[in-house]
Novice: 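Next up is a structure, given as structure tokens.
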Amino acid sequence: MSVRVRFAPSPTGFVHIGSLRTALYNYLFAKKMGGTYLLRVEDTDRTRLVDGAIENMLSAMDWAGVNHTEGVVLDEFGKVTQKGEYGPYIQSERLDIYKKYIQKLLDEDKAYYCFCTKDRLDKLRETQKENGENPKYDGHCKSLSKEEIQKRIENGEEYVIRLKLPQNHTIKFNDLVRGETEFNTNDLDDQVLIKADGFPTYHFAVVVDDYLMKITHVIRGEEWVSSTPKHVYLYEAFGWEAPTFVHLPNILNTEKKKLSKRQGDVAVEDFKKKGYLPQGLVNYVSLVGWSPEENKELFTMTELEEAFSIERVSKSGGVFDTEKLNWVNQHYIKEADDNYLTDLAIPFLVEEGFIKEDEINSKYEFIKGMVSVLKEKLQYVKEITNHANIFFGNEVKLEDSDCEEFLKLDHMNTLINSLCEKVEKSEKVDEEFVKAMFKEIQKEHGIKGKSLFMGSRVILTGQMHGPDLPKTMEVLGKDICLNRIKFVKNNLM
Ligand code: GLU
């Protein structure tokens, strides 16, 4: 039987980094096993629906390059559509299917109608808590007669349908990460399967869908472990074979608590907005909870597809370490194509007012030059705005008093005059010219090392440290370099 796995997000408006990892591991497992990875939308909680959430989620997955070949997809116009032979893949479009399967359970006395009001259930829970018991449905409606049920439905009473769990029944399942797990039904609740609004609960829909979509492995976050026995019992009740379960460890923050939205960036979109590269984010996230066999941390998607294995997924939570993410991302930025990075950098430069929207075309080559000089410094693309100021303006603003002191050094007059003369006479200021010029100055005036290089940097950029100076000067071009040298000479010395 060929492997079929699924990522089954609820459209809540954003993709948590933990969901990205769940999707990624499903994708990688399918690739490794030559199987199918599909995406199903679980939208049965009608109170949590958010407009445009499916589109956002799909485009985030698309951006990350975790691509599914079946299920809910975006068409070429960005509209939600579906492909595959096991659809529909959006749960709210499968109500007829759930109706058919719940009827089967009702007919076989494996599920029952429950008319308990919210008020009764609240009181029940209160009392159980006061008595130190685990809150649990007490089976009040478990034995209603057919006639009574009929009458109450006809009277328009609101109802839900619950799973009828047998007493003292052992439920076992094997989890590929956590091993053999056993539960007793006495510790479980008669789970609601169909809600008062007629929609199935997650627990019911997930089982029916995983079965009908021929899912072989359910790979999901560990927050679902406690629900799995209920699911396994449902498989039993239907007489279906359950899939293999894989529960992934939580992603933790540095305080070893579950990574949550309140602590800042946790959504794929947050990272995208800062200019993290999808390759960097995916590579890093793959390592949170999985350890590769070889001692290596940088993996392209193709390498991950080969290296990934469920056996090396850890049981305990993995810590999300932003510094490590930045290190991985920086690697991909250094390797990235300059045009690609330039396109990513432009919106940040526009937002911070370095360039105007209508200058993008005319300044494209200049921005690209700047990006190629600065890329070695960037952990994520947005950081370009922290370094960009030295590329703008004909005047020089000294960064601090150390720069002021540097300008007062004995050799600086000779240096600035020499720079001025040589740049003025040059045909073109490019990297090669600048390097040759520094050699000449050293030979002619004996100025070398820090005095020469830091001195020139202070004159041209107003800073003692910064990116490669010959390259920076090439991007600035002859006119700006000369204007700056003259400005410093006339105003700051
Ligand atoms: N809809 C559930 C979620 O959003 C899916 C859980 C599962 O994979 O079974 O996490």
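Just so it is clear, the values below take in all heavy atoms, side chains as well, and ignore hydrogens, waters and symmetry mates. Counting convention: from 1, in listed order, for ligands and their atoms alike. What you see is a predicted model, and the numbers here were worked out from it, not measured in a lab.
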Novice: What pairs meet the side-chain hydrogen bond (donor to acceptor under 3.5 Å, both in side chains) rule with one or both residues in residues 7-32, with sequence neighbours excluded?
Specialist: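 Counting only pairs at least two positions apart or across chains, the side-chain hydrogen bond (donor to acceptor under 3.5 Å, both in side chains) contacts touching residues 7-32 are Tyr27-Glu305.
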Novice: Kindly print each ligand 1 N/O atom paired with any protein N/O atom under 3.5 angstrom away, one pair per line, or none if nothing qualifies.
Specialist:
| unit_1 | atom_1 | unit_2 | atom_2 | d |
| --- | --- | --- | --- | --- |
| ligand 1 | 1 (N) | Ala8 | O | 2.8 |
| ligand 1 | 1 (N) | Ser10 | OG | 3.1 |
| ligand 1 | 1 (N) | Glu42 | OE1 | 2.7 |
| ligand 1 | 4 (O) | Ser10 | N | 3.4 |
| ligand 1 | 4 (O) | Ser10 | OG | 3.3 |
| ligand 1 | 8 (O) | Arg6 | NH1 | 2.8 |
| ligand 1 | 8 (O) | Arg6 | NH2 | 3.4 |
| ligand 1 | 9 (O) | Arg6 | NH2 | 2.9 |
| ligand 1 | 9 (O) | Tyr202 | OH | 2.6 |
| ligand 1 | 9 (O) | Arg220 | NH1 | 2.9 |
| ligand 1 | 10 (O) | Trp224 | NE1 | 3.3 |

Novice: Check side chain to side chain contact (heavy atoms under 4.5 Å, CB included) between Val319 and all other residues, then give those that pass, not counting sequence neighbours.
Specialist: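 Scan of Val319 (side chain to side chain contact (heavy atoms under 4.5 Å, CB included), adjacent residues dropped) gives Leu252, Thr254, Lys256.
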Novice: I'd like to check the ring-ring contact (aromatic ring centres under 6.0 Å, His included) partners of Phe392; sequence neighbours left out, ordered by chain and number.
Specialist: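 Result, ring-ring contact (aromatic ring centres under 6.0 Å, His included) vs Phe392: Phe354, Phe366.
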Novice: Around Glu306, counting heavy atoms of other residues, nucleotides and ligands shown, do more than 12 lie under 6.0 Å from its CD?
Specialist: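 Counting other residues, nucleotides and ligands, CD of Glu306 stays at 12 neighbours or fewer.
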Novice: How are the rings of Phe238 and Tyr101 set to each other: parallel, tilted or perpendicular (split at 30° and 60°)?
Specialist: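 Plane angle over 60°, so perpendicular.
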Novice: Quick one: does NZ or CZ of Arg162 land under 6.0 Å from the six-membered ring centre of Tyr137, within 45 degrees of the ring axis?
Specialist: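 Output yes; distance and angle both within limits.
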